A.B. asks: 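This is the structure I have questions about; it appears just below.
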2 protein chains.
Amino acid sequence: MQESKKPSRRGRPAAQGARTSRPRQAEVARAAGVSQATVSLILADKKDGAAFSDETRRKVLDAARELGYVPDPAARRLAAARNNLLGVFSFTATFPTEMQHSYYPFLVGVEQEAAARGYDLVLFTGSSSGGAGAAGPDALGRVRLADGCLFLGRHIPTQELRRLVADGFPAVHLGRRDELEGLAWVGADYVSAGREVVGKLADLGHRRFVLIREDDDAPASTDREQGFLEGLTAAGLDHDAGTVHRSADPRRDITPERLRGWLAEGVTAFVAEETDTGAAWRALRAACRTTGLQVPRDASLALLGSPPADLSHEAVPTGFDIPRTQLGAAAVRLLASLVAGEDAEEPLVTCTFRPGETAGPPPSVRQQPQAQGDM
Amino acid sequence: MQESKKPSRRGRPAAQGARTSRPRQAEVARAAGVSQATVSLILADKKDGAAFSDETRRKVLDAARELGYVPDPAARRLAAARNNLLGVFSFTATFPTEMQHSYYPFLVGVEQEAAARGYDLVLFTGSSSGGAGAAGPDALGRVRLADGCLFLGRHIPTQELRRLVADGFPAVHLGRRDELEGLAWVGADYVSAGREVVGKLADLGHRRFVLIREDDDAPASTDREQGFLEGLTAAGLDHDAGTVHRSADPRRDITPERLRGWLAEGVTAFVAEETDTGAAWRALRAACRTTGLQVPRDASLALLGSPPADLSHEAVPTGFDIPRTQLGAAAVRLLASLVAGEDAEEPLVTCTFRPGETAGPPPSVRQQPQAQGDM
DNA sequence: GCGCATTACTGATGCGCATTAACGAGAACT
DNA sequence: AGTTCTCGTTAATGCGCATCAGTAATGCGC
């Protein structure tokens, strides 16, 4: 593209072929025989309504319509010192090829709430697959162009985020994130939800439980475990009522043998943590099937979260639903508050219990199942 | 910079409690001990490289990094430059609650290509469900904040878009859109794809066809019909080889009676257009099932597009796949060209034939099926 | 007919940036 | 020593708009 060829005319470098650029307030003003300031004030329709005569108002509005005036958003935002932009930054691609891994449910809520509040969203592509601005240590810096930013994903670079937060940049993390002092976040109340699920199982009569969880210490996992344990306590059960089993690879780890072992110990209810891939849940179901267990006749299963999308045609797991859409909306609300300078406290979002079809009363008498059962 | 008076504070209306607003070029300049103009020039990194001493350059860059400087997109825009932002404007919510209706597959490509070219994306929420800025006749005007904008969806307000285009604003529509003179678009080559499908069916021996299409005249429908007809011609068949059936509500329209009627006329291959809901395809399958037809033994079915997601566990329809991800990427490429001032021609994107399992040779002898068949 | 409040509007200013004319200080040349 | 060049940098300007301090005009009381 031609750079500084023509010495004159600084603005509008190359882009346009537009001969008739769209009208400015100044032109409307001229057409209406008033000043630019008048046009601005009238079009902004300030509440001090009586400030202008109806005559003038009419002239301006007519002229604006006549000329097809449309305000320049860039100028508007520049003058107003904010741009009504909220950033969304995820450290994996926002739209991964496999939709199951995406933040889609969150984004639904984010978009709705942002729209309701008159914000537009900036999707920072910095992180996605080998993008241009990808690696740079200041990749995160770009988010400053928005009035505030939402962060998604597990592996956000702490240092840079800390910097943003320290600068007073409004930032909200979707999902709990305590380790970064001062970072606002919204999260689901996994503790309560986990407690509730265990409570329901206990109500059904179960007395011994196993929790299968991931082997890292993400808050989402830790909270679920805590809820699991609290549920036991709340049900008046003692310590060995619950076994917490950590597994880095449930598929090879949750073997029929192990399952039988637990059954032999009197376990009747199995609780799996929801993971990205649903591995724990899959492994559990597979083990049950292999073992010939009928669910929920011979054993009850619960899933602390939602089942993977590809299992949607199977039996609905007992467990809870994470209100992802609401979470997204709540995050935007919180972020909007921060941007506005208020520092609202956003409570944890409540998960809703999902009765499902995989839990029932425990078998009064444990018997080794003989035949292949279906679920 | 101190003005004569300072009591007023006009900018920054009420918004911030921010002690540290994000840094401006002026602050970088102060930190580096140079002028704002120097900062601007150095950060712009003009090719007249030797213009600044390495010393100065380094100081400026360091200061900028130190302070976390990020240019204000609005100001950049206003000063007639680029801001590396591409807009995405969809006239239904970009993230509808039901994911099947979403532009997700397109967005995957859009994000990838945008990232690869160093653009961030602005999702304009103007249109989504009851948003704040929803109705306003200038809802579209906001996109001017970005360097260019992508438009998705069937029902874009033509008037406003025309205005943008007339003003020389870089705009690309995803999907064919001829009626708006001068609007760039990228689309799938439904004509060729439709022709190919019919060709394959003809190769299998089919001689009489029915196309079930929507009753409006969207380009996507018209193109498919054209492809269908061209396919017949290419196969050396005459006019009455193909029946085009328009249906506004296939579910009630494609009755078993009607199906039998067509069969009686010697039709052996049924081609359905892909629609949002997959209604035509569903209706066709349902009618076959009710009639007891076995597919593809008794009749062949083809779908001009992809099946609805919830039918993913059924037999794969013969037909073609729309390369949505590639389309999204192509749209971004085209838009980027426009922004750069080039006016590249982007060809139609080719759909790929999908063999599927619903087409086979026609029955040599037509017989009324007696028993319930499965598909 | 003067002071004073109100009304109706305009002038001036700056938001943050890109751009360019101009400037000071050598270096190179006459 | 004076002149011209070149290099490195800065002052000045304006993009389109919102905002606010003024100002001219009018009304009102006394």
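Remember, it's a predicted structure, so these values are computed and weren't measured experimentally. Reminder, nothing fancy here: chain letters follow the sequence lines and each chain counts from 1.
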A.B. asks: Does B:T38 have a side-chain nitrogen or oxygen under 4.0 Å from the phosphate oxygens OP1 or OP2 of D:dT9?
C.D. replies: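 It does not, given that no N or O in the side chain of B:T38 lies less than 4.0 Å from OP1 or OP2 of D:dT9.
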A.B. asks: Rounding to an integer number of Å, can you tell me how far B:Q36 CD sits from C:dC17 C1'?
C.D. replies: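 Computing the B:Q36:CD to C:dC17:C1' distance gives 6 Å.
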A.B. asks: As a test of understanding, state which of A:T56, A:D62, A:L61 forms a side chain to side chain contact (heavy atoms under 4.5 Å, CB included) with A:R58.
C.D. replies: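 Running side chain to side chain contact (heavy atoms under 4.5 Å, CB included) over A:T56, A:D62, A:L61 with A:R58 returns exactly one hit, A:D62.
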A.B. asks: I want to verify a distance call: between C:dA18, D:dA18, C:dT10, whose nearest atom is closest to the B:A79 side chain?
C.D. replies: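 Selected nucleotide: C:dA18.
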A.B. asks: Tell me the interatomic distance from B:Q25, atom CD, to D:dT10, atom P, rounded to whole angstroms.
C.D. replies: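 Nearest whole value for this atom pair: 13 Å.
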A.B. asks: Apply side chain to side chain contact (heavy atoms under 4.5 Å, CB included) to the pair A:L43 and A:Y69, showing each step before the final yes or no.
C.D. replies: CA-CA 10 Å; A:L43 291 184; A:Y69 171 77; 3.5 Å; yes
A.B. asks: Give a yes/no answer on whether the side chain of A:S53 brings an N or O atom under 4.0 Å of OP1 or OP2 in C:dT7.
C.D. replies: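 No, no such contact exists.
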A.B. asks: Closest approach to the side chain of B:A37, judged atom by atom: which nucleotide of C:dT20, D:dT19, C:dC9 is it?
C.D. replies: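 Of C:dT20, D:dT19, C:dC9, C:dT20 is nearest to the side chain of B:A37.
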A.B. asks: Has B:E179 got more than 12 heavy atoms of other residues, nucleotides or ligands less than 6.0 Å from its CD?
C.D. replies: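 For B:E179, atom CD is crowded (more than 12 foreign heavy atoms under 6.0 Å).
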A.B. asks: Compare all side-chain heavy atoms of A:R77 with those of B:R77 and state whether any distance is below 4.5 angstrom.
C.D. replies: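 The answer is no; the side chains never approach within 4.5 Å.
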A.B. asks: Hey, are the side chains of B:E111 and B:V332 touching, using non-hydrogen atoms and a 4.5 Å cut-off?
C.D. replies: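 No - every pair of side-chain heavy atoms lies 4.5 Å or more apart.
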A.B. asks: Out of C:dC9, D:dG8, D:dG16, which has the shortest distance to the side chain of A:A75?
C.D. replies: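 Taking heavy atoms from C-beta onward, the closest nucleotide is D:dG16.
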A.B. asks: How many whole angstroms separate atom CG of A:D54 from atom C1' of C:dA8?
C.D. replies: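 Result: 12 Å.
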A.B. asks: Separation of B:L41 atom CG from C:dT19 atom P, in whole Å?
C.D. replies: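 Taking atom P of C:dT19 as the reference, CG of B:L41 is at 8 Å.
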A.B. asks: Can you give me the dot-bracket string for DNA chain D, 5' to 3', counting Watson-Crick and G-U wobble pairs with both distances under 3.5 Å, using [ ] for crossing pairs and | for partners on another strand?
C.D. replies: ||||||||||||||||||||||||||||||
A.B. asks: Taking the nucleotide of DNA chain C with the closest heavy atom to each, which residue, B:S40 or A:S35, is nearer the 5' end?
C.D. replies: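 That would be A:S35.
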A.B. asks: Rounding to a whole Å, what distance do you find between A:L78:CG and D:dC17:C1'?
C.D. replies: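 Taking atom C1' of D:dC17 as the reference, CG of A:L78 is at 8 Å.
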A.B. asks: For A:F52 and C:dC9, what is the distance between atoms CZ and C1' respectively, to the nearest whole Å?
C.D. replies: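 From A:F52 CZ to C:dC9 C1': 6 Å.
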A.B. asks: Round to the nearest Å and state the distance from A:R76 atom CZ to D:dT19 atom C1'.
C.D. replies: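 From A:R76 CZ to D:dT19 C1': 14 Å.
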A.B. asks: With the side chain counted from C-beta on, respond yes when B:S90 and B:F151 share a heavy-atom pair under 4.5 Å apart, and no when they do not.
C.D. replies: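 Side chain of B:S90 against side chain of B:F151, heavy atoms only: no contact under 4.5 Å found.
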A.B. asks: Could you give the CZ-to-P distance, from B:R77 to D:dG14, as a whole number of Å?
C.D. replies: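 In whole Å, D:dG14 P lies 21 Å from B:R77 CZ.
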A.B. asks: By the 4.0 Å heavy-atom rule, please label A:V39 as base, sugar-phosphate, or nothing.
C.D. replies: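 No contact at all - A:V39 keeps every heavy atom at 4.0 Å or more from the nucleic acid.
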A.B. asks: When you look at CD of B:E345, are more than 12 heavy atoms from neighbouring residues, nucleotides or ligands closer to it than 6.0 Å?
C.D. replies: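 Atom CD in B:E345 is not packed in, count stays at 12 or less.
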